[in-house]
Amino acid sequence: MAEDDGARRETLGFIGLGRMGSPMSGRLVAAGHRVVGFDAAGLEGRLPESALPAASVEGVAGRAGTVFLSLPHGEVSRAVCAEIAAAAGRRAHTVVELSTIGMAAARTCAELLAAEGLVYVDAPVSGGVAGARAGTLAMMVGAEAARFVALHPVLRVLANNCFRVGDRPGHGQAMKLLNNFISAAALASTSEAVVFGQRIGLDPALMIDVINVSSGRTTASTDKFPRSVIPRTYDFGFAGALMAKDATLYAQEAAQADVPHELGTLVARIWQEFDADCPGADFTYLHKYLEGRAGGLGA
Ligand code: NAD
């Protein structure tokens, strides 16, 4: 209980109030935390009700002890960490990285913060916008045990599946990237397979029903296809650009680790080409993109 009370007293910062950051920061507010938030694209429609607005990264770092980041990629996280470290009148002592940025960027962020006496906790998440709203995310933390225990009361508000997967910054990112590689491969393979079935004359909805009681079942067939592909809304809430980023980071890290990564390289290339041809599209739109490449099979 003492840890809970301590965590509640401290003002929390939240930088990056996008699709994930807005609902996650909203959960912290709803759990009784005082939250100060900032987003470079503005706060209107992003900052949760009752959260305190900040006009800059420095404004957050001057008021909050622990600062959460939910940012698009490693370059942005690096720049924001540098701003936090250099902030005048800084109160921030800990930065919790919720973004997917890869192992190398996480280590760089940790080093540049450590040089100024701040702690960096690598804690990427999985489970999408729905999980962010409901607090059912999986969180993969790379941190020392004592640090994890101290932060756990706050982390579990965001993620009821909160794992410490390793000791160091980068361990959480490695876990997240290998998970997202599996997810990226599943959505790509299911999309290709369904387009093949369509060409042969099979019905997409019926194919998914069959797959979901057969050995090809994955989160692509149980979740992404029923929600966003079969209704042809292609609006699951995860950008193709993010999937390309994650698959590319995975292929790079696997190459760096000197393990077999032929499939990783191929999956990364599929998502890179999709992102280049369909900038801004949701990742489920890959199915429609492949229909187009098959000569326009869609409705
Ligand atoms: P998003 O683009 O919706 O949100 C990112 C936010 O960061 C935007 O609102 C943007 O304005 C803000 N931002 C960019 N640069 C900034 C800066 N310098 N200072 C302050 N704010 C800045 O992206 P998202 O979908 O919320 O994803 C955020 C992170 O979470 C990514 O790393 C992503 O890979 C990861 N993630 C996303 C999902 C998902 O389902 N969307 C799931 C798991 C993990």
Side-chain angles (χ1 to χ4, degrees), residues 3-18 20-22 24-29 31-43 46-48 50-101 105-125 139 141-144 146-159 162 164 168-170 172-173:
E3 270 167 11
D4 263 317
D5 291 341
R8 273 169 205 284
R9 272 196 299 273
E10 183 185 67
T11 296
L12 301 175
F14 214 109
I15 299 175
L17 303 167
M20 294 295 283
S22 182
M24 283 195 280
S25 57
R27 286 196 64 79
L28 294 173
V29 171
H33 294 285
R34 196 166 51 239
V35 176
V36 55
F38 170 68
D39 191 291
L43 298 177
R46 291 189 177 85
L47 187 73
S50 305
L52 307 164
S56 63
V57 169
E58 193 174 34
V60 174
R63 287 151 82 187
T66 297
V67 179
F68 292 85
L69 308 183
S70 182
L71 296 166
H73 54 75
E75 281 305 310
V76 179
S77 285
R78 265 194 287 263
V80 167
C81 285
E83 275 189 75
I84 292 172
R90 163 167 61 75
R91 282 207 187 149
H93 51 75
T94 301
V95 172
V96 180
E97 181 69 83
L98 303 166
S99 332
T100 307
I101 61 171
R107 288 192 203 109
T108 304
C109 290
E111 281 161 19
L112 75 84
L113 289 171
E116 299 299 326
L118 285 93
V119 170
Y120 178 81
V121 176
D122 175 24
V125 296
M139 185 180 283
V141 183
E144 290 163 6
R147 187 90 54 203
F148 179 72
V149 169
L151 279 170
H152 192 257
V154 183
L155 301 183
R156 74 177 179 216
V157 172
L158 305 177
C162 189
R164 189 174 80 91
R168 291 193 302 279
Q173 293 294 327

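Bear in mind the structure is a predicted one, so any value in this text is a computation, not a measurement. FYI, the numbering just counts along the sequence from 1.
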Of the non-hydrogen atoms in [X] and [Y], which two are nearest, and what is the gap between them?
| X | Y | answer |
| --- | --- | --- |
| V60 | F38 | CG2-CB, 3.6 Å |
| L43 | P53 | CD1-CB, 3.5 Å |
| C81 | L113 | O-CD2, 3.5 Å |
| A54 | G59 | CB-C, 4.0 Å |
| P124 | G172 | CG-O, 3.4 Å |
| V121 | A143 | CG1-CB, 4.1 Å |

Tell me, do [X] and [Y] make a side-chain contact under 4.5 Å, heavy atoms counted?
| X | Y | answer |
| --- | --- | --- |
| L158 | V125 | no |
| P48 | L28 | no |
| L12 | R34 | no |
| C109 | I101 | yes |
| L151 | V141 | no |
| V154 | V96 | no |
| Y120 | T108 | no |

To the nearest 0.5 Å, how far apart are [atom1] in [X] and [atom2] in [Y]?
| X | Y | atom1 | atom2 | value |
| --- | --- | --- | --- | --- |
| R90 | I84 | CZ | CD1 | 9.5 Å |
| I15 | S56 | CD1 | OG | 8.5 Å |
| R156 | R27 | CZ | CZ | 12.0 Å |
| L71 | D39 | CG | CG | 8.0 Å |
| T94 | F68 | OG1 | CZ | 9.5 Å |
| M24 | L98 | CE | CG | 5.0 Å |

Any side-chain to backbone donor/acceptor pair from [X] onto [Y]? Under 3.5 Å, distance only.
| X | Y | result |
| --- | --- | --- |
| E58 | A88 | yes |
| R91 | T11 | no |
| R46 | S22 | no |
| D122 | G142 | no |

S77: partners by side chain to side chain donor-acceptor pair (under 3.5 Å), with sequence neighbours left out |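 Side chain to side chain donor-acceptor pair (under 3.5 Å) check on S77 returns E97.
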
Identify, with sequence neighbours excluded, every residue that meets side-chain contact (heavy atoms from CB on, under 4.5 Å) alongside E83.
->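 Checked E83 against side-chain contact (heavy atoms from CB on, under 4.5 Å); matches are V57.
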
Inter- and intrachain pairs under side-chain hydrogen bond (donor to acceptor under 3.5 Å, both in side chains), touching residues 62-76, at least two apart =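 Passing the test, one end in residues 62-76: E10-T66, E75-R78.
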
